[in-house]
Amino acid sequence: MARLAAARYGKDNVRVYKVHKDEKTGTQSVTEMTVCCLLEGQIETSYTEADNSVVVATDSIKNTIYIKAKEHPVNPPELYASHLGQHFLDKYPHITAAHIKVVVHRWTRINVDGAPHPHSFYRDGNETRNVDATVSREKGIELKSGLVGLSVLKSTGSAFHGFVRDEYTTLPETWDRILSTDVDATWTWKPFPNIAAVAAGVERFDSAFDAARTITLKTFSLDESASVQNTMYKMCEEILEAAPEVQSTGYSLPNKHYFEIDLSWHKGLKNTGKDAEVYAPQSGPNGLIKCEVARS
Ligand SMILES: O=c1[nH]c(=O)c2[nH]c(=O)[nH]c2[nH]1
């Protein structure tokens with residue numbers, strides 16, 4: 001005998017663009033995002049008995065994503081995701097939870113001759129601002145915000161020594177190495193009982209994003225890093241300090257290795273240790289270091 005142990009369904013990779021036109025100043029602002037929306041509820045029979053009467057078509061879910069983007073602000077993405085998720089609970093009694101993912105892509109205003117252009121933008125990096133929202137009858141609105149894909153490198157100010165040395169170890173200790181990673185940072189909010197609670201003090205979401213980005217870049221730059229583990233923990237501590245309504249925060253960081261190249265075989269060239277200048281960036285394997293830090 002088989003049984004349906006878990007099920008959710010919906011539309012993924014829905015690309016949405018929204019423009020805001022300030023009629024007074026003639027300035028336009030744009031937001032581009034990719035949305036995923038998956039529903040849970042009393043939908044078992046659609047899987048087990050071919051009963052489509054419980055299915056809100058994924059095509060209708062896609063339409064709803066557009067309509068809610070028209071009806072509500074799409075900024076901050078935490079508020080839009082909450083409105084979108086809440087809609088499915090309000091509209092369909094048999095739906096018990098909506099899982100929304102919003103990925104916001106960068107469009108930064110172009111400066112022309114030192115002045116911000118009213119309607120032209122450029123992509124100044126592949127980093128995205130992300131939100132994972134679960135809106136459920138049981139738990140209200142759960143939000144996890146994030147910053148993903150911010151590539152950083154420091155050419156010194158990073159060490160790694162004192163680690164386990166045994167018959168499996170070849171890595172030399174180092175007091176000066178290159179440190180590079182693609183930042184994936186998340187911060188989880190204390191649950192909100194309803195949309196009104198998300199909307200009250202909505203500035204908290206932009207503030208936390210700005211703080212997380214600034215803290216990440218500043219700590220990465222200034223910390224005399226003993227390890228990825230220790231540097232990321234310091235970042236988490238600071239984010240918790242900066243955002244009181246955040247209950248936990250975490251990072252997932254690849255350690256993108258840059259190997260020294262011994263060139264002494266060529267005319268005695270010195271290119272290792274303090275003489276290292278030319279390195280070989282590695283595509284893989286890479287370290288992968290994760291943590292989640294909560295309030296004690
Ligand atoms: O910061 C680091 N943490 C590790 O756990 C590790 N392991 C390794 O080989 N290099 C590094 N660097």
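Heads up: numbering here begins at 1 and tracks the sequence.
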Engineer: Here's a test for you: under side-chain hydrogen bond (donor to acceptor under 3.5 Å, both in side chains), which of H99, E40, E142 qualifies with T134?
Structural biologist: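 Single side-chain hydrogen bond (donor to acceptor under 3.5 Å, both in side chains) partner of T134 among H99, E40, E142: H99.
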Engineer: Are any non-hydrogen side-chain atoms of D182 and D184 less than 4.5 angstrom apart?
Structural biologist: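 No; the side chains remain at least 4.5 Å from each other.
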Engineer: In terms of heavy-atom contacts, does OH of Y233 have more than 12 from other residues, nucleotides or ligands at under 6.0 Å?
Structural biologist: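 Count not over threshold, so no.
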Engineer: Quick one, T231 with M235, criterion side-chain contact (heavy atoms from CB on, under 4.5 Å). Give me CA distance, side-chain angles, the key distance, then yes/no.
Structural biologist: CA-CA 6 Å; T231 300; M235 293 172 179; 3.9 Å; yes
Engineer: Taking CG in D166 as the centre, count heavy atoms belonging to other residues, nucleotides or ligands within less than 6.0 Å. Is the count above 12?
Structural biologist: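 Yes, CG of D166 has more than 12 neighbouring heavy atoms, counting only those of other groups under 6.0 Å.
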Engineer: Evaluate side-chain hydrogen bond (donor to acceptor under 3.5 Å, both in side chains) for S46 paired with Y9, printing each intermediate quantity in order.
Structural biologist: CA-CA 11 Å; S46 67; Y9 80 102; over 6 Å; no
Engineer: Donor-acceptor pairs under 3.5 angstrom involving side-chain atoms of residues 279-288: please list them, not counting sequence neighbours.
Structural biologist:
{"from": "Q282", "atom 1": "NE2", "to": "A280", "atom 2": "O", "distance (Å)": "2.9"}

Engineer: Applying the 4.5 Å side-chain criterion to the ILVMFWY set and letting contacts propagate, would I178 and L263 be lumped into a single cluster?
Structural biologist: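 Shared cluster, no.
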Engineer: Any side-chain heavy atom of L89 within less than 4.5 Å of one from T96?
Structural biologist: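 Not in contact.
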Engineer: Can you confirm whether E127 sits close enough to V148 that some side-chain heavy atom of one is under 4.5 Å from a side-chain heavy atom of the other?
Structural biologist: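 Side-chain contact under 4.5 Å: no.
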Engineer: Quick one, I65 and V16 - any side-chain contact, counting heavy atoms below 4.5 Å?
Structural biologist: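 Result yes, sub-4.5 Å side-chain heavy-atom pair found.
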Engineer: Within the supplied structure, the quantity of interest is the number of heavy atoms (other residues, nucleotides, ligands) at a distance under 6.0 Å from H117 NE2; does it exceed 12?
Structural biologist: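 Enclosed.
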Engineer: For I61, does its backbone N or O pair with a side-chain atom of T58 as donor and acceptor, under 3.5 Å?
Structural biologist: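 A pair under 3.5 Å: no.
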Engineer: Could you state the interatomic distance from CD1 (I239) to CH2 (W187), rounded to the nearest 0.5 Å?
Structural biologist: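 These two atoms lie 6.5 Å from each other.
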Engineer: Is it possible for you to say whether F220 and V293 belong to one hydrophobic cluster, with membership spreading through side-chain heavy-atom contacts below 4.5 Å?
Structural biologist: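 Same cluster: F220 reaches V293 through Ile, Leu, Val, Met, Phe, Trp or Tyr contacts under 4.5 Å.
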Engineer: Return the orientation label for the F205 and W189 ring planes: parallel under 30°, perpendicular over 60°, tilted otherwise.
Structural biologist: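 Ring orientation, 0 to 90° scale: perpendicular.
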Engineer: Can you label the angle between the F160 ring and the F163 ring as parallel, tilted or perpendicular, going by 30° and 60°?
Structural biologist: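 Because their plane-to-plane angle is under 30°, the rings of F160 and F163 count as parallel.
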Engineer: For D51, does the CG atom sit with more than 12 other heavy atoms under 6.0 Å from it, leaving out its own atoms?
Structural biologist: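 Atom CG in D51 is packed in, count exceeds 12.
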Engineer: Under the ring-ring contact (aromatic ring centres under 6.0 Å, His included) rule, collect the residues that match up with H161, sequence neighbours excluded.
Structural biologist: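 With neighbours one apart ignored, the set is W175.
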Engineer: Between H94 and G41, is there a donor-acceptor pair closer than 3.5 Å when you use the side chain of the first and the backbone of the second?
Structural biologist: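 Here the side-chain-to-backbone pair does not exist.
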Engineer: Name all pairs fulfilling the salt bridge (Lys or Arg N to Asp or Glu O under 4.0 Å) condition that reach into residues 279-293, sequence neighbours left out, sorted by first residue then second.
Structural biologist: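 For residues 279-293: none.
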Engineer: OG1 of T108 to CG of D124: how many Å apart, nearest 0.5 Å?
Structural biologist: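 Spacing of OG1 (T108) from CG (D124) equals 3.0 Å.
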Engineer: For the pair R129 (side chain) and V103 (backbone), establish whether a donor and an acceptor sit closer than 3.5 Å, ignoring hydrogens and angles.
Structural biologist: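 Side chain of R129 to backbone of V103, a donor-acceptor pair under 3.5 Å: no, none is there.
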Engineer: Any heavy-atom pair between the side chains of Y80 and V35 that's under 4.5 Å?
Structural biologist: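 Yes, side chains in contact.
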Engineer: Can you check whether D275 reaches E277 side chain to side chain, under 4.5 Å on heavy atoms?
Structural biologist: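 Answer no - side chains too far apart.
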Engineer: Distance from R8 atom CZ to C37 atom SG, nearest 0.5 Å?
Structural biologist: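 Rounded to the nearest 0.5 Å, the CZ-SG separation comes out at 11.0 Å.
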Engineer: In this structure, would Y66 and L84 fall into the same cluster of hydrophobic residues linked by side-chain contacts under 4.5 Å?
Structural biologist: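 They do share one cluster, since a chain of ILVMFWY contacts under 4.5 Å joins Y66 to L84.
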Engineer: How many angstroms lie between OG1 in T181 and NZ in K154, if you round to the nearest 0.5 Å?
Structural biologist: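 It is 12.5 Å, given to the nearest 0.5 Å.
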Engineer: Taking S221 for the side chain and L217 for the main chain, is one N or O donor matched with an acceptor at less than 3.5 Å?
Structural biologist: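 Yes, because the side chain of S221 sits within donor-acceptor range (under 3.5 Å) of the backbone of L217.
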Engineer: Answer yes or no: is there an ion pair linking K190 with E245, defined by an N-O contact shorter than 4.0 Å?
Structural biologist: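 Between E245 and K190 there is no salt bridge, as every charged N stays at least 4.0 Å from the carboxylate O atoms.
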Engineer: Is a side-chain N or O of E260 found less than 3.5 angstrom from the main chain of G273, in a donor-acceptor match?
Structural biologist: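 Yes; judged by distance alone, with no hydrogens or angles, the pair exists.
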Engineer: Do you reckon V30 sits in the same ILVMFWY cluster as V74, going by side-chain contacts under 4.5 Å, direct or chained?
Structural biologist: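 No, separate clusters.
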Engineer: Contact between C36 and N13 at the side-chain level, heavy atoms closer than 4.5 Å - yes or no?
Structural biologist: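 No, their side chains stay 4.5 Å or more apart.
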Engineer: Do any N or O atoms from the side chain of N130 and from the backbone of S145 form a donor-acceptor pair under 3.5 angstrom?
Structural biologist: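 Here the side-chain-to-backbone pair does not exist.
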Engineer: Ignoring hydrogens, what is the shortest heavy-atom contact between T249 and C236? Give both atom names and the distance.
Structural biologist: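 Between these two residues, the closest heavy atoms are CG2-O, 3.5 Å.
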Engineer: Are any side-chain N or O atoms of S180 and backbone N or O atoms of V152, one a donor and one an acceptor, separated by less than 3.5 Å?
Structural biologist: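 Side chain of S180 to backbone of V152: a pair is present.
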Engineer: Hey, is K62 close enough to D59 for a salt bridge, meaning N to O under 4.0 Å?
Structural biologist: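 Counted as a salt bridge, because a side-chain N and a carboxylate O are separated by less than 4.0 Å.
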Engineer: Indicate if L153 and I215 have the same hydrophobic cluster label, given that clusters are the connected sets of ILVMFWY residues with side-chain heavy-atom separations under 4.5 angstrom.
Structural biologist: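 No, L153 and I215 fall in different hydrophobic clusters.
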Engineer: Taking the six-membered ring of F121 (Phe, Tyr or Trp), confirm whether the NZ or CZ of R109 is under 6.0 Å from its centre and within 45° of its axis.
Structural biologist: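 The answer is no; the distance or angle limit is not met.
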Engineer: Assess whether atom CD of E241 is packed by more than 12 heavy atoms of other residues, nucleotides or ligands within 6.0 Å.
Structural biologist: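 Open.
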Engineer: Distance-only, no hydrogens or angles: does the R204 side chain make a donor-acceptor pair with backbone N or O of A200 under 3.5 Å?
Structural biologist: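 At least one qualifying donor-acceptor pair exists.
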Engineer: Is there a donor-acceptor pair closer than 3.5 Å between any side-chain N or O of T169 and the backbone N or O of L171?
Structural biologist: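 It does not hold such a pair.
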Engineer: Nearest 0.5 Å please: distance from the OG1 atom of T27 over to the CG atom of D22.
Structural biologist: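 Output value for this atom pair is 6.0 Å.
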Engineer: Do any N or O atoms from the side chain of R106 and from the backbone of Y122 form a donor-acceptor pair under 3.5 angstrom?
Structural biologist: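 Side chain of R106 to backbone of Y122: no pair is present.
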Engineer: How far does CD of Q247 sit from CG of L240, to the nearest 0.5 angstrom?
Structural biologist: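 Reported value, rounded in 0.5 Å steps: 10.0 Å.
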Engineer: Just wondering, more than 12 heavy atoms not from E71 lying within 6.0 Å of its CD?
Structural biologist: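 Count over threshold, so yes.
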Engineer: Of all the heavy-atom pairs spanning P76 and D206, show the shortest one and how long it is.
Structural biologist: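 Looking at all heavy atoms of both residues, the shortest contact is CB-OD1, 3.8 Å.
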Engineer: Report yes if some heavy atom in the side chain of V19 is under 4.5 Å from a heavy atom in the side chain of Y17; otherwise report no.
Structural biologist: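 Touching, per the 4.5 Å side-chain cut-off.
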Engineer: Please check if the number of heavy atoms outside R15 that lie under 6.0 Å from its CZ is greater than 12.
Structural biologist: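 12 or below, so no.
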